[in-house]
Amino acid sequence: MNRRAFLIGTAAMAVGASATAEANAPKPIDWAVMPPMDTREGFVEWGRVDRDENPKFLAQRWDRFRALVRNKDLWDRKTMRAFLLTPREEFAPPNIRPHVYRPNFLDIGYGVTMSGPHLQGRMTNSIDVKRGERVLEIGTGSGVQSAYLANLTESVYTIEIIKPLADRTRGIYDGLIARGYTEYTHINTRAADGYYGWEQAAPFDKIIVTCGIDHVPPPLLQQLKPGGVMVIPVGPPGAQRVLKVAKTQGPDGSITTTREDIYGGKIVPFVPFTKLEGDKIVGNHNR
């Protein structure tokens, strides 16, 4: 999941996040593979040998993983597994790569930030993605959220409103696939206005939205399957609550929704859900 700050006119940073990546040639993994979760040393050694990843980043990933578990931002093994298998450093520009496992938001260029791992972990675990489910992400950003989801299901769809950023992130995925991260073949990307969802790929079992809005977009709710779950920050500008929205269908065919605040009422400020007019980002989708 990625926090986005769409600042019109902001110059893009000239970075090649994948070109100088630390990992080399990881062994392709299947769904039965479970990284060690008992000790830091065991996980780092496993990642070094089986994934050919940098021990420095593996150690940072482990430390952040333990912090997420203690803070109850991760609570089931499949989502813990997905976090441990996702090399956040691969999606970060070189200037912020040393800080990629810190809990704060990080600037990745284009006026956009990479979400902190605690928020991303809790939002992901809250929608309880199961293998085989179809998941839509609104706000590709750095690409790390969909990389996370790709270790939970084979069908991930992600939309980014800034086309140059969407193209850059698609290039990162393709580069990592070529190097052996075959799980990223699960990711389908699109440059578009996410408010309208992805009708051609709908319906979705789960939807995750990473920008704030004062209502649940009707097209996204329509594209969510009955029995499906969406997590989305809803509220006035800068004062959203992160809601888990469940859609149910009654015996008579009637549709109802229920809402649950995943932070128990805590205000979490998100940037606006911006909108596209033609090929330009203009304003936002708040009513």
Side-chain angles (χ1 to χ4, degrees), residues 1-2 21-92 97-104 106 114-133 135 137 142-156 173 176-177 179-187 205-206 208 229 231 244 262-263:
M1 179 281 280
N2 297 295
E22 298 288 348
N24 231 343
K27 296 178 184 177
I29 59 173
D30 61 33
W31 294 99
V33 171
M34 182 68 71
M37 295 188 188
D38 50 352
T39 68
R40 187 178 196 256
E41 293 76 13
F43 171 71
V44 171
E45 181 64 9
W46 175 85
R48 185 187 68 80
V49 174
D50 280 35
R51 301 288 277 174
D52 199 19
E53 293 181 358
N54 187 314
K56 177 183 72 174
F57 287 120
L58 288 164
Q60 291 178 13
R61 196 181 314 161
W62 173 266
D63 292 344
R64 185 53 54 193
F65 161 69
R66 293 307 308 165
L68 265 65
V69 173
R70 287 194 302 271
N71 201 52
K72 297 182 172 58
D73 295 311
L74 292 179
W75 55 87
D76 68 47
R77 284 183 68 82
K78 68 178 184 296
T79 314
M80 293 176 189
R81 172 187 181 274
F83 179 84
L84 288 173
L85 289 175
T86 304
R88 290 175 65 87
E89 63 274 13
E90 293 289 347
F91 300 92
R97 195 167 294 145
H99 315 297
V100 75
Y101 289 101
R102 293 183 182 177
N104 49 306
L106 300 172
M114 176 187 283
S115 292
H118 287 267
L119 176 62
Q120 189 177 69
R122 184 173 295 208
M123 291 179 75
T124 304
N125 216 145
S126 293
I127 60 174
D128 189 25
V129 177
K130 299 177 178 65
R131 187 178 172 191
E133 290 186 330
V135 182
E137 178 200 13
S142 70
V144 71
Q145 175 66 74
S146 279
Y148 196 174
L149 293 168
N151 281 299
L152 291 165
T153 184
E154 303 93 333
S155 300
V156 180
Y173 289 142
L176 290 169
I177 291 167
R179 287 169 41 206
Y181 287 89
T182 54
E183 57 266 43
Y184 301 148
T185 61
H186 303 159
I187 302 171
D205 298 281
K206 307 289 167 62
I208 187 164
V229 176
V231 64
K244 176 181 174 181
I262 71 170
Y263 278 102

Any chance you could lay out the side-chain contact (heavy atoms from CB on, under 4.5 Å) test for T124 and L152, step after step, and finish with the verdict?
CA-CA 10 Å; T124 304; L152 291 165; 3.8 Å; yes
If the condition is side chain to side chain donor-acceptor pair (under 3.5 Å), which residues does K130 pass it with, not counting sequence neighbours?
D128
How many angstroms lie between CD in E90 and CD in E53, if you round to the nearest 0.5 Å?
7.0 Å
Do L176 and F91 have side chains that get closer than 4.5 Å, going by heavy atoms?
yes
Tell me, please, which residues at least two apart from D30 pass side chain to side chain donor-acceptor pair (under 3.5 Å).
none
What's the separation between atom CZ in R64 and atom CG in L74, rounded to the nearest 0.5 Å?
11.5 Å
Flag side-chain contact, heavy atom, 4.5 Å: Y181 against R51:
yes
Sequence neighbours excluded, which residues qualify as side chain to side chain donor-acceptor pair (under 3.5 Å) partners of Y101?
R61, E89
With no hydrogens and no angle check, do the side chains of D76 and N125 hold a donor and an acceptor under 3.5 Å apart?
yes
To the nearest 0.5 Å, what is the distance between CG (L84) and CH2 (W62)?
6.5 Å
L149 versus I208: any side-chain heavy-atom pair under 4.5 Å?
yes
Give a yes or no on whether the backbone of Q120 and the side-chain of S115 come within a donor-acceptor separation of less than 3.5 Å.
no
Heavy atoms of E183 and L85 approach each other most closely as OE2-O, 4.3 Å
Under a 4.5 Å cut-off applied to non-hydrogen side-chain atoms, are P87 and F57 in contact?
no
G47 and L58 have their tightest heavy-atom pair at C-CD1, 3.5 Å
List in chain and number order the residues that pass salt bridge (charged side-chain N to carboxylate O under 4.0 Å, His left out) with R131, two or more places apart in sequence or in another chain; answer none if no residue qualifies.
E154
So, using side chain to side chain donor-acceptor pair (under 3.5 Å) as the criterion, who are the partners of H186 when residues are at least two apart?
none
Distance in Å, I127 CD1 paired with K244 NZ, rounded so as to fall on 0.5 Å steps
9.5 Å
For the student: nearest non-hydrogen atoms of P36 and G42, plus distance:
CG-O, 3.7 Å
Looking at residues at least two apart in the chain, or sitting in another chain, which of them share a side-chain contact (heavy atoms from CB on, under 4.5 Å) with P98?
none
Can you name the nearest heavy-atom pair linking S126 to W75, along with the distance?
OG-CH2, 3.7 Å
Return yes if some donor-acceptor pair links the side-chain N/O of R122 with the main-chain N/O of I262 below 3.5 Å, else return no.
yes
Within this structure, what is the CG-NE2 distance for the pair N104 and H118, rounded to the nearest 0.5 Å?
10.0 Å
Partner residues of M34 under the side-chain contact (heavy atoms from CB on, under 4.5 Å) criterion, sequence neighbours left out
M37, R77, R81
Residues pairing under salt bridge (Lys or Arg N to Asp or Glu O under 4.0 Å) where one sits in residues 32-47, two or more places apart or in two chains, turn out to be R40-D63, E45-R48
Quick one: list whatever passes ring pair (Phe, Tyr, Trp, His ring centres under 6.0 Å) with W46, sequence neighbours left out.
none
For A150 versus Y184, what's the shortest heavy-atom pair and its separation?
CB-CD2, 4.1 Å
How close do I187 and Y173 get, heavy atom to heavy atom, and via which atoms?
CD1-CE2, 3.5 Å
Quick one: CD on Q60 to NE2 on H99, what's the gap to the nearest 0.5 Å?
10.0 Å
